[in-house]
Each structure stands twice: as structure tokens, then as C-alpha cells.
Amino acid sequence: MGGKQSFPVVKLPKERIVVITGANTGIGYEAAKWVAMMGATVIMACRSKERAEKAMQKIREEFQVEKEKRTPVICDTESLSLEFMELDLSSFKSVRGFIEAYKSSGRALHVLVCNAGVALVPFTRTEDGFEVMLQVNYLSHFIITAHLLPIMRKSGEDCRIVLVSSDAHRSCNFDLTKINYSGDPEKFGRWDYYGRSKLYQIMQMHCMHRRLKEFNISVNSLHPGLVDTEISRSFQDYRLMTRLNGIAKSFGLMKTPIDGALPIINAVVNPDLKGVGGVYFKNLEGGYSTTEARDKTKQEALWKKTLELLKNEILEDQIQGREGKM
Ligand SMILES: NC(=O)c1ccc[n+]([C@@H]2O[C@H](COP(=O)([O-])OP(=O)(O)OC[C@H]3O[C@@H](n4cnc5c(N)ncnc54)[C@H](OP(=O)(O)O)[C@@H]3O)[C@@H](O)[C@H]2O)c1
């Protein structure tokens, strides 16, 4: 990890199961690698088996290097427990398949990291009729968290949900009447709708934190910083953004993927965060999201709207807690 080791490196048991979406590249890859090297079982939920297998191979090679360096804790891990599960967040059919496969495996779930994402994509509608950033970044992850909550509730103490958001939530409009863009594709605000999808993740975190307080599950969200990853694939046609990206890179303003992954790894493994929820992390510290993101009335309006949009995917009674509806 480039000599810097600023997240806690803890020995994790193989029985601790961590699911990370979009773990084949970028910050998800680094998080999967370090959490697996600490000993946990990591399930890489990715849309391409081929890319996930290549990533697993690379992780195994990098693990050998750490072993040879005798990196503390990591060198005690005998072998990696890494698995692939197929998940395409732009398709509810695939999301359902993933949930069913997970449920029928009968295994526990201790940590769910909703990391996969796309940014600044030109207007695209999915096969389910939703704008793609809304579906991939927010709605599909919402469905997965909701359906896997009952498994987490039964998985013992200290279960965690980590929602990878972004400071891009600072520059967007909160307008639930236009949550699913249906206007002129040429007038589609990519920044606005990317920011919205990330704002919703922070609001979801607050709603879930309120509902899960009495349970064994904590929910946090985070901003990884401006990170040099493959995220720019989504906006290759957006000249201004690709130029700004290039400038940021050449002035050394972008983090490396491992530095971007620090808040994720910390949220997954830090023993001091047991039971800590409702925090928007920046680096390793709690940071501030916007006043809007922290507005309880708006958060609850989003929750209601989300359940309306997803009425064919989740019924409120499917995400019941011990004493009633979430
Ligand atoms: N990079 C930044 O500066 C930055 C800043 C703030 C927040 N973030 C957030 O950080 C997260 C990770 O981004 P990154 O920078 O690591 O980007 P990345 O390198 O492009 O990785 C994104 C991951 O998401 C996966 N993904 C995309 N669409 C998917 C779909 N439909 N179904 C399943 N997986 C899908 C990708 O899989 P494929 O390889 O198969 O496409 C990839 O594994 C995102 O949520 C992003 O919004 C990034």
C-alpha cells in the first residue's frame, strides 16, 4: 500500500463475510484486497465474471508480495478467501438473482459495502425504466440492503453497511417530482443527477440508521475523495470533464485508489467503529454532509418515494424489524 498504512490492520476471521459491490477495480478493488488479506471472506459482487476473476488473480499476486515483505497481520493470513457473485446493478432481474443466490446459500452476512457506481453518464434509461445513475448508484443498492437486512440481523453482533457516496452531493437539486429524469435527453444535467444519486445514499444512511439503532447493524456513508480510478470511463465523451480530470491528475490533485479506499477499509474493519452509525466519513474522520442531506423531513420523503418507486421489488413488510415496519 505504498508504504503508508493509515487504516487499522486487524486480524479478521474467515467466517466474517464481507460483500463488496464493484470490487474488480478502483477503490472497491483495494478495499476487497486489504479486507481479504486481513483474513475475512470477501465476496466480490461484480457484473463481469471475467474482470472479477482477473482482479482476484491480481489480488492473489499482491498478497504474495505482502507475505514476502512479512507485512504484519497480513503475513499471518494463510490463504485468501475470495469469491465472485454476479451482479449487474443496472438490471433489477440481475439484482433479484443476486439476492436469491445469496439467500439460498444460507450463509451469514456481516458487512455489505455498496461501492459500485457510475458517474456523469449521458442520459440513459435502463431496461427497468430508470435513469441509469439513479438505478445503479442508489435504487439497486437500496433493494439489496433491504432484502439482505434479515440475514444481517441474524449474523451476530457488529454487522455493518457502508454506502460509498460522494461530495458531489453538494451540487445538486433535491426535487422528488423529478427523481427519475424524463425530460429532453439533450438537457439532462449529468452533474445534477450524479449528485442526486449520491445525496440519496447519504439520506438512505440516515433513514436506515434511525430504523436500525436497536439492532446489531450500523450504517455509515462516506466520500472517498477525488480518486484516479476507472470512473472516468463513464464520461469519455464529456470533454470539459475529461480535461479537468487530466489537469487534476497532472497537478497531483487526485488520490491513488488505495488512498481513496482508506475510508471504506476503515469503516469495514476498525474495531472502534463497532456500533457507530449515521456518520458521513471523509478520510478516516466523520465529516459534514450538506444541511439538505441531514434534513430529516426530506430524508423521510425520499424513503417514502423510494418504496413507491420500488413497489414491485420490495414490500415494506419484507424489511420488517422485530417490532414492525422499517
Ligand atoms: N473516483 C472518484 O473520484 C470518486 C469520488 C467520489 C465517489 N466515488 C464513488 O466511488 C465508487 C467507486 O468508484 P471508483 O472511482 O472506484 O470507480 P471505478 O474504478 O469505475 O469502479 C467502479 C466499479 O463499479 C462497477 N460498476 C459500474 N456499473 C456497474 C453495474 N451496472 N453493475 C455492477 N457493477 C457496476 C464497475 O464494474 P466494471 O468494471 O464492470 O464496470 C467497477 O467495479 C463509486 O460509487 C463512485 O461514485 C468515486
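All ligand and atom numbering here is 1-based and tracks the order in the structure.
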Per-residue contact class, Leu87 against ligand 1 - non-hydrogen pairs under 4.0 Å: backbone

Ala116: numbered ligand 1 atoms lying under 4.0 Å from its heavy atoms: 24 (O), 25 (C), 26 (N), 34 (N), 35 (C), 45 (O)

Distance from atom 36 (C) of ligand 1 to nearest protein heavy atom, with residue and atom: Arg233 NH2, 3.9 Å

Ligand 1 N/O within reach of Gly117 N/O, cut-off under 3.5 Å: yes

Proximity to ligand 1 by part of Pro224, non-hydrogen separation under 4.0 Å: side chain

Where Ile314 and Leu307 come nearest, the two heavy atoms and their spacing: CD1-CD2, 4.4 Å

Centroid-centroid distance, Tyr193 to Tyr181, less than 6.0 Å: yes

Any Gly225 heavy atom less than 4.0 Å from ligand 1: yes

For atom 15 (O) of ligand 1, closest protein heavy-atom neighbour: Thr229 OG1, 2.6 Å

Closest approach of any protein heavy atom to atom 11 (C) of ligand 1, naming residue and atom: Asn115 O, 3.1 Å

Taking atom 41 (O) of ligand 1 as the reference point, the nearest protein heavy atom with its distance: Arg47 NH2, 2.7 Å

Ring geometry between Phe235 and Tyr238 (parallel below 30°, tilted from 30 to 60°, perpendicular above 60°): perpendicular

Polar proximity ligand 1 side, Cys46 side, N/O cut 3.5 Å exclusive: no

Under 4.0 Å to a heavy atom of Val118 - the qualifying atoms of ligand 1, by number: 27 (C), 28 (N)

Atom 1 (N) of ligand 1 - nearest protein heavy atom and its distance: Val227 O, 3.1 Å

Protein heavy-atom partner closest to atom 42 (C) of ligand 1 - residue, atom, separation in Å: Thr25 CG2, 3.5 Å

Atom indices of ligand 1 within 4.0 angstrom of Gly26 heavy atoms, with elements: 16 (O), 19 (O)

Sub-3.5 Å N/O-N/O distance, Leu89 and ligand 1: yes

Side-chain donor or acceptor of Ser94 paired with backbone N/O of Asp88 under 3.5 Å: yes

Working for side chain to side chain contact (heavy atoms under 4.5 Å, CB included), residues Ile151 and Tyr102: CA-CA 9 Å; Ile151 297 179; Tyr102 204 93; 3.9 Å; yes

salt_bridge(Asp158, Lys274) N-O dist < 4.0 Å: no

Test item, Ser165 contacting ligand 1 (heavy atom, 4.0 angstrom): yes

Location of contacts on Ser48 toward ligand 1, heavy atoms closer than 4.0 Å: neither

Pick from Thr126, Ile20, Asn24: the one approaching atom 37 (O) of ligand 1 most closely through a non-hydrogen atom: Asn24

For atom 19 (O) of ligand 1, the protein heavy atom that lies nearest, with its residue and separation: Glu230 N, 3.1 Å

Glu83/Arg107 salt bridge by N-O under 4.0 Å criterion: yes

Tyr194 contact mode with ligand 1 (heavy-atom cut-off under 4.0 Å): side chain

Asn137 and Gln201 side chains, donor-acceptor separation under 3.5 Å: no

Salt-bridge present (Glu61, Lys58; N to O < 4.0 Å): no

Numbered atoms of ligand 1 (with element) below 4.0 Å of Ser166, judged on heavy atoms: 6 (C), 7 (C)

Evaluation steps, salt bridge (Lys or Arg N to Asp or Glu O under 4.0 Å), between Glu131 and Arg196: CA-CA 12 Å; Glu131 186 281 313; Arg196 287 179 187 222; over 6 Å; no

Ligand 1 atoms in contact with Leu226 (distance to a heavy atom under 4.0 Å): 3 (O)

Residues Asp167, Lys198: salt bridge by 4.0 Å N-O rule: no

Cluster check Phe215, Met208: I/L/V/M/F/W/Y, side chain < 4.5 angstrom: yes

Cation-pi geometry met for Arg210 and Trp303 (6.0 Å, 45°): no

Region of Asp88 engaging ligand 1 - heavy atom pairs below 4.0 Å: both

Heavy atom of Lys255, distance to ligand 1 below 4.0 Å: no

Residue part near ligand 1, for Met254, under 4.0 Å between non-hydrogen atoms: neither

Proximity of Val136 to ligand 1 by residue part, where a heavy atom lies under 4.0 Å: side chain

Numbered atoms of ligand 1 (with element) below 4.0 Å of Gly22, judged on heavy atoms: 23 (C), 24 (O), 25 (C), 43 (O)

Validation row, ring centre His147 to ring centre Phe98 under 6.0 Å: no

Option whose closest heavy atom lies nearest to atom 13 (O) of ligand 1, chosen from Ile231, Asn245, Ile264: Ile231

Shortest protein contact, atom 16 (O) of ligand 1 (heavy atom only): Ile27 N, 3.0 Å

Ligand 1 atoms in contact with Val164 (distance to a heavy atom under 4.0 Å): 9 (C), 10 (O), 11 (C), 45 (O)

Result of checking Tyr200, Tyr194, Tyr280 against His169 for ring pair (Phe, Tyr, Trp, His ring centres under 6.0 Å): Tyr280

Atom CD of Glu50 with >12 non-hydrogen neighbours under 6.0 angstrom: no

Cationic N near anionic O, under 4.0 Å, Arg47 to Glu86: no

